Amino acid sequence: MTNNLLTTVEAAEYLGMKKSYLHKLMMKKEIPFYKPNGKLCFFDKDELNQWLRRIRIAPQEEVDRQAIAYVTQKDLLK
């Protein structure tokens, strides 16, 4: 097995979740995984990292900057 592939147990540990919750995500097809030969499941570490970063919460300072830029741009269009 390559260093980049994890078993279900390893992936759950890597993500900091219970194996049962990882199975739930797999059944709902919410997380990427591979199932060669239709039995054992494997996870690509890079894809898990991308999955972890799929929803980013911006810090308040960034939200404030975006709001100011939006209002300023809107004022320029008037």
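All residue numbers in this chain count up from 1 along the given sequence. Worth saying up front: this structure is predicted, and the values here are computed from it rather than measured.
The shortest side-chain heavy-atom distance between Gln50 and Arg54 does not fall under the 4.5 Å cut-off. Under the 4.5 Å side-chain criterion, counting only non-hydrogen atoms from C-beta, Thr7 is not in contact with Leu40.
Among residues two or more places apart in sequence or in another chain, the side-chain hydrogen bond (donor to acceptor under 3.5 Å, both in side chains) test is passed with Asn37 by none.
Phe33 and Leu52 fall within the same hydrophobic cluster, where Ile, Leu, Val, Met, Phe, Trp and Tyr residues are linked whenever their side-chain heavy atoms come under 4.5 Å apart, directly or through other members. Both Met17 and Leu6 belong to a common hydrophobic cluster when Ile, Leu, Val, Met, Phe, Trp and Tyr are linked at side-chain heavy-atom distances under 4.5 angstrom.
Nearest heavy atom pair, residue Glu10 against residue Leu5, reads OE1-O, 4.2 Å. Nearest heavy-atom pair, Phe43 versus Pro32, reported as atom, atom and distance to 0.1 Å: CD2-O, 3.4 Å.
Interatomic distance, NZ of Lys45 versus CG of Leu15, reported as 10.5 Å (0.5 Å rounding). The distance from the CE atom of Met27 to the CG atom of Leu22 is 9.5 Å, given to the nearest 0.5 Å.
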inquiry  = Does Arg65 form a side-chain contact (heavy atoms from CB on, under 4.5 Å) with Ile68? I'd like the steps, not just the answer.
reply    = CA-CA 5 Å; Arg65 279 195 314 264; Ile68 290 168; 5.9 Å; no
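Judged by distance alone, the side chain of Glu62 and the main-chain N or O of Pro59 form no donor-acceptor pair under 3.5 Å.
The local environment of CD in Glu61 is sparse, with at most 12 non-hydrogen atoms from other residues, nucleotides or ligands closer than 6.0 Å.
Within the structure, side-chain hydrogen bond (donor to acceptor under 3.5 Å, both in side chains) pairs that include any residue of residues 13-27 comprise Tyr14-Asn49 (at least two apart or interchain).
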